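I have placed the structure first, in the form of structure tokens, so that the comments after it can refer back to it.
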Amino acid sequence: MEKVIVANMVDVEFNDMYPAEIYIEDGYIKDVIPIVTSDPTDVDLDFEGILLPGFIDSHIHIESSMLTPANFAKACIRHGTTSVIADDHEIANVLGVKGINFMIENGYTVPFDFFYAAPSCVPATNFETSGAVLDSEIVKMVLRFDDVVSLGEMMNFPGVLAGDEEVFKKIEYAKKLNKPVDGHAPLLSGEDLKTYIGAGISTDHESSSFDEAIEKKKLGMKVMVREGSSAKNFDDILNLNDRKIFWANTEEGSNLSHSDFNILIKNPIFDFLVSDDKNPVDLEKGHLNLLVKRLIDLDVFPIEAIKMVTINPAKHYNLDVGSISIGKRANFVLIDNFKNFNVLKTFVGGECVYDNGHVLFNAPPAQLENTFRLSEKSPEDFDVKVELKEGTVKARVIKVLDGSLITDQTIKELDVMDHIVQENVDRDILKIAVANRYGQDTVANGFVKGFNIKDGAFASSVAHDSHNIVVVGTNTRDMAKAVNIIRENQGGLAVVAQKKDIKEILELPLAGLMCNDNVETVSLKLQNLQNILKVLGCELKAPFMTMSFLALLVLPSLKLSDKGLFDSNNFEFVDLIVDEDN
């Protein structure tokens, strides 16, 4: 059945805005007829405001929201997002193809356009234990799924540089199907970056500075500007000062008049705005709508900002969304104006699914099998034992950086009592451990600095990318208790401080990553846990998400897997205790 919407619309293909009649049939745009008028106020519009194409987050891991795809859709549809390209490597690390199918099937239950990237690195490295392995033949199969539009982020950049056969098979399969290959190249530069891009990798979302992003852009990459809950790169990459300096040093910019130069710098330079990881607290507040508004506030042309979440990703990934044009999905966002950028209505397939504060669909509950196979833990499992009975040793310590996925490493002197290396809470040197949850029942221990809690422990079954259980604490008794609570609840985030009678958990029974609650409920539970951690002394903005990335071995520089302490710069295990002779 045909329907018509009359609205003041943005044409992202031709950088224009005008009133038009939009004809919709079977969820797609059949025709767009501009209304020619000398006075736009005379046009009888269906609603006041500006109609935009629905927003596309071209790189996100839905699992980071701790919501099912259906509940994730309910959360972000109110912010104007109608499509995502989801890399399901979180659940794929736990359940393999079964997990990917779960995400696809659950997404079908709601009016939202989910596209997917085939996880390229499951596990992310061979230096950790995951619940599944996706080799090149399995990836080849997943790439053929109708909803899969790309090969997911190629985190194994050492494998690309070394010419690893399995890595290149995955890349070649994607190329044969004409599906882009997404990148993951933090701090990669020079000849190594050229080799990485030369393998056929087309995007990157890991740039943390303007210089890093512009080098990748000049070499032909599509640069995704990331602003998630943990990694926040928006201001460093899109700031006006760097854009001015860049254009002033180009031949194009140096030959322009002052007025023309001021027009040139309204160009954002880079390609997409993405989230990567978005926790429920942040997702409840907003999504891509906030990033577009921030970019407009940085004096970027509004339509250029909008293109970064609409037509730009749609063209790169060959999607049937991203513009208000014939043949595209009828996905729209109605905003009040470019200045306030308030989302008033959202349409998917021509049907209104969000209207002035109300989401007009429900998310059905989902079920998955228990994925936890580990025994109950004791405090002794978290001891760091050495041959020395009493004295001091030097230990490598992971140093976390607020708002960054990258860590530093430092060496600190720690006391030894009865063969056990001691944490030092006063100096903010706490214990960290990763407990294997897939049947091997092992625990790797280390030390970490930057969380600054003065009592208790907190743990999570969200531990990128293999999702073993990661725990940070001031003492082994609370660490064991926190891990056991997660085990008993088949996943979750937990805070324990037994001296203060604190024991709280956000249950995540779906693969240890997600739950069936809506964003408001999960956000409230997470904020409660974070407030408890704040009372215990932690000042990090997103402590659970920060902790979850301490097990991700493909990010610099010192990390911890269930197999031990790992130097991500040199891609090798290192000893926790430093030999005095070295």
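On a predicted model such as this, the values are computed, not experimentally measured, just so you know.
Using a 4.0 Å cut-off between a side-chain N of Lys or Arg and a carboxylate O of Asp or Glu, D441 and K377 qualify as a salt bridge. By the 4.0 Å N-to-carboxylate-O rule, D402 lies close enough to K541 to be salt-bridged with it. A salt bridge is absent between E488 and K503; no separation between the charged side-chain nitrogens and carboxylate oxygens falls under 4.0 Å.
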Apply side chain to side chain contact (heavy atoms under 4.5 Å, CB included) to L555 and H464, showing your working. CA-CA 11 Å; L555 288 176; H464 301 287; over 6 Å; no
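D455 pairs with exactly one of R477, K499, K500 by the salt bridge (charged side-chain N to carboxylate O under 4.0 Å, His left out) rule, that one being K500.
Of the possible polar contacts, none joining the N528 side chain to the L524 backbone as a donor-acceptor pair under 3.5 Å is found. Of the possible polar contacts, none joining the R396 side chain to the I411 backbone as a donor-acceptor pair under 3.5 Å is found. Side-chain atoms of D426 do not come within 3.5 Å of backbone N or O of N424 as any donor-acceptor pair. Remark: the backbone N or O of A551 is not paired with any side-chain donor or acceptor of S561 at under 3.5 angstrom. Side-chain atoms of D428 come within 3.5 Å of backbone atoms of N452 as a donor-acceptor pair (strictly under, hydrogens ignored). Side-chain atoms of T346 never come within 3.5 Å of backbone atoms of R78 as a donor-acceptor pair (strictly under, hydrogens ignored). The closest donor-acceptor contact from the side chain of N484 to the backbone of A480 lies under 3.5 Å. In this structure a side-chain-to-backbone donor-acceptor pair under 3.5 Å is present from Q422 to I420. Remark: side-chain polar atoms of S461 are paired, donor with acceptor, to backbone N or O of G492 under 3.5 angstrom. Between the side chain of S466 and the backbone N or O of N468 there is no donor-acceptor pair closer than 3.5 Å.
Side-chain contact between K169 and K140 is absent, with no heavy atoms from C-beta onward closer than 4.5 Å.
Taking the ring axis of F372 as reference, the NZ or CZ atom of R437 stays within 45° of it and closer than 6.0 Å to the ring centre.
F451 and F458 have their aromatic ring centers within a separation under 6.0 angstrom.
Judged by distance alone, the side chains of H61 and D87 never bring a donor and an acceptor atom under 3.5 Å apart. Side-chain contact of D182 with Y317: a donor-acceptor pair under 3.5 Å is present, judged by distance alone. Checked by atom type, the side-chain pair Q440/T442 shows no donor-acceptor distance below 3.5 Å. Residues D204 and H184 bring no donor and acceptor atom of their side chains to less than 3.5 Å of each other. Defined by atom type and a distance below 3.5 Å, a donor-acceptor pair is present between the side-chain atoms of S275 and D57.
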